[in-house]
Amino acid sequence: MKSPLLSQPGAVPAEGRDEGVAAHYGDLFREQRALADGKGLVDLSHRGVLTVTGDDRLSWLHLLLTQHVSDLPAGRATEALILSANGHIEHALYLVDDGSTVWAHVEPDTQEALIAYLESMKFFYRVEVADRTDDFAVVHLPAGSIATVPDGVVVRETAHGRDLFLPRADLEAYAAGHGPLAGILAYEALRIEGHRPRLGFETDHRTIPHELGWIGSAVHLQKGCYRGQETVARVHNLGKPPRRLVFLHLDGSEVHLPVPGTPVKLAADGDEGRQLGFITTSGRHHELGPIALALVKRNVPVDAPLLAGGTAAAQETVVEP
């Protein structure tokens, strides 16, 4: 779905999974600094939006999600995953309940598969699931923003900022009064800095929550059964995940960023060394320079200098080995 904000001056369209919104509006670092200062907004209108209504909505979702939501207070934001039977991550949901409806936004173009799964699990529960992507656009206001929120707009507030479920018809008018606009590249650079994983970026077909640090924030360890819980409990109580997420400071003298999938190796072994992981996301930060997230084997020494392709990289621990 192409955002109307792509018609704004300086807008450069994003590519890949974020196609449909602006990568930037002409000045990536200015946009980042504005967000870091609590100013402006990010157009996330390409993300999927769904709602769950009905008297059983929270107790029903509690059975399906990795998060404890049966007693979720109205207005409290949370995040949750849906796992496969083997504990691999299939969906990530960013939730809030407004007292009568659960609102969630999800990765672009994942809402149809997610809704199909939810519909298959309704059984006798009093719930209704709806795709609201055509009607509502997600807009992100950074932490510290004093921007006003229109009456009736559902807000999901976290330490990183506020996500608004804004009527799509109001997107242009709201953006015009609450700029400056920041593109998805600025938003992503701050996400990388914050070590926050993203479905489809830090995940592949075999990722389990422990590898990304999603235990606690998206996976509750003291709740009842859900699909994939056996793997979650076994790894938490008896073992360690095979991989771990790391944050990388990249050599700033390189012109090009390592793209997702770029092999990560020990610097001591050089380009001919054995691959120990791969880049998941990279970006340019207004203060830190080029940075990235990567998944590496658990036994990679935490203080070992690395190579991402041909780029030198110093690691910071996100998930403990």
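Here the closest non-hydrogen pair linking Ile215 and Pro209 is CD1-CB, 4.0 Å. A pairwise comparison of heavy atoms in Thr158 and Arg156 identifies CG2-NH1, 3.5 Å as the closest pair. Shown here for Val300 and Arg244, the closest heavy-atom pair between the two residues is O-NH2, 2.7 Å. Closest of all the heavy-atom pairs between Arg191 and Arg196 is NH1-O, 2.6 Å. The two residues Gln32 and Leu190 have their closest heavy-atom pair at O-CD1, 4.3 Å. What you find for Gly38 and Pro142 is that their closest heavy atoms are C-CG, 3.7 Å.
Hydrophobic cluster membership is shared by Leu63 and Leu95, with clusters built from Ile, Leu, Val, Met, Phe, Trp and Tyr side chains linked at under 4.5 angstrom. Residues Leu166 and Phe136 do not share a hydrophobic cluster, clusters being chains of Ile/Leu/Val/Met/Phe/Trp/Tyr side chains in contact below 4.5 Å. Following chains of ILVMFWY side-chain contacts shorter than 4.5 Å, one can reach Ile82 starting from Val52, so the two form part of one hydrophobic cluster. Phe247 and Phe278 fall within the same hydrophobic cluster, where Ile, Leu, Val, Met, Phe, Trp and Tyr residues are linked whenever their side-chain heavy atoms come under 4.5 Å apart, directly or through other members. Linking ILVMFWY residues whenever their side-chain heavy atoms come closer than 4.5 Å, directly or via other members, leaves Leu6 and Val139 in distinct clusters.
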His88 and Leu83: CA distance, side-chain angles, deciding distance, side chain to side chain contact (heavy atoms under 4.5 Å, CB included) verdict: CA-CA 5 Å; His88 300 136; Leu83 307 180; over 6 Å; no

Side chain to side chain contact (heavy atoms under 4.5 Å, CB included) between Val138 and Trp103, intermediate numbers included: CA-CA 11 Å; Val138 180; Trp103 293 77; over 6 Å; no

Derivation and outcome, side chain to side chain contact (heavy atoms under 4.5 Å, CB included), residues Leu266 and Leu306: CA-CA 5 Å; Leu266 290 176; Leu306 302 175; 3.8 Å; yes

Steps toward side chain to side chain contact (heavy atoms under 4.5 Å, CB included) verdict (Ile279, Val259): CA-CA 7 Å; Ile279 295 292; Val259 299; over 6 Å; no

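Asp204 places a side-chain heavy atom less than 4.5 Å from the side chain of Arg243. A heavy-atom distance below 4.5 Å is found between the side chains of Leu93 and Val106. The shortest side-chain heavy-atom distance between Leu181 and Leu41 falls under the 4.5 Å cut-off. A heavy-atom distance below 4.5 Å is found between the side chains of Ile184 and Leu44. Residues Val155 and Val96 fail the side-chain proximity criterion, which asks for heavy atoms closer than 4.5 Å. Proximity of Trp214 to Thr66: side-chain heavy atoms (C-beta onward) are nowhere separated by under 4.5 Å. Residues Asp269 and Leu276 are not in side-chain contact: their nearest non-hydrogen atoms beyond the backbone lie 4.5 Å or more apart. Within the 4.5 Å cutoff, no side-chain heavy atoms of Pro197 are placed close to those of Thr203.
Between Arg57 and Glu128 there is no salt bridge, since no side-chain nitrogen of the basic residue lies less than 4.0 Å from a carboxylate oxygen of the acidic one. Using a cut-off of 4.0 Å between Lys/Arg side-chain N and Asp/Glu carboxylate O, Arg227 and Glu90 are scored as salt-bridged. Here Arg198 pairs with Asp18 in a salt bridge; the nearest charged N to carboxylate O distance falls below 4.0 Å.
The closest donor-acceptor contact from the side chain of Glu211 to the backbone of Pro241 lies at 3.5 Å or more, if one exists at all. Judged purely by atom type and a 3.5 angstrom limit, Asp251 uses its side chain to pair as donor or acceptor with the backbone of Ser253. Side-chain atoms of Arg168 come within 3.5 Å of backbone N or O of Thr133 as a donor-acceptor pair. Panel note: side chain Glu112, backbone Asp131; no donor-acceptor pair is recorded below 3.5 Å. Using a distance-only test at 3.5 Å, with no hydrogens or angles considered, a donor-acceptor pair links the side chain of Thr280 to the main chain of Leu293. Side chain of His62 to backbone of His68: no donor-acceptor contact under 3.5 angstrom is found. A distance-only check finds no donor-acceptor pair linking the side chain of Asp56 to the backbone of Ser59 [under 3.5 Å]. In this structure, the side chain of Ser282 engages the main chain of Pro258 through a donor-acceptor pair within 3.5 Å.
One distance of note links CD1 of Ile291 with NE2 of His285; it measures 5.5 Å at 0.5 Å rounding. From Leu164, atom CG reaches atom CD of Glu157 across 10.0 Å, with rounding to the nearest 0.5 Å. A distance of 11.5 Å separates CG in Asp97 from CG in Asp71, rounded to the nearest 0.5 Å. Atoms CG and CD1, from Leu212 and Ile89 in turn, are 5.0 Å apart once rounded to the nearest 0.5 Å. Atom NZ of residue Lys2 and atom NE2 of residue His46 lie 15.0 Å apart, to the nearest 0.5 angstrom. Once rounded to the nearest 0.5 Å, the distance linking CD of Glu79 with NE2 of His105 reads 9.5 Å.
Around the CD atom of Glu193, the shell of radius 6.0 Å holds more than 12 heavy atoms that belong to other residues, nucleotides or ligands. More than 12 heavy atoms of other residues, nucleotides or ligands shown are found within 6.0 angstrom of NZ on Lys265. Counted within 6.0 Å of NZ on Lys297, heavy atoms from surrounding residues, nucleotides or ligands total 12 or fewer; the atom is thus considered open. Residue Leu238 places its CG atom among more than 12 non-hydrogen atoms of other residues, nucleotides or ligands, all under 6.0 Å distant. By the neighbour-count criterion of 12 heavy atoms within 6.0 Å, atom CD of Glu316 is densely surrounded, having more than that number from other residues, nucleotides or ligands. Around the CZ atom of Arg76, the shell of radius 6.0 Å holds no more than 12 heavy atoms that belong to other residues, nucleotides or ligands. Residue Lys223 qualifies as enclosed at atom NZ: its count of foreign heavy atoms under 6.0 Å is above 12. Asp27 CG: more than 12 foreign heavy atoms inside a 6.0 Å radius.
Judged by the 6.0 Å and 45° rule, Arg132 forms no cation-pi pair with Phe165.
The aromatic rings of His210 and His236 sit tilted, their planes meeting at an angle between 30° and 60°. Aromatic ring orientation, His140 versus Tyr187: perpendicular (interplanar angle above 60°, classes split at 30° and 60°). Taking the six-membered ring where tryptophan is involved, the planes of His178 and Tyr174 are essentially parallel, since the angle between them stays under 30° and well short of 60°.
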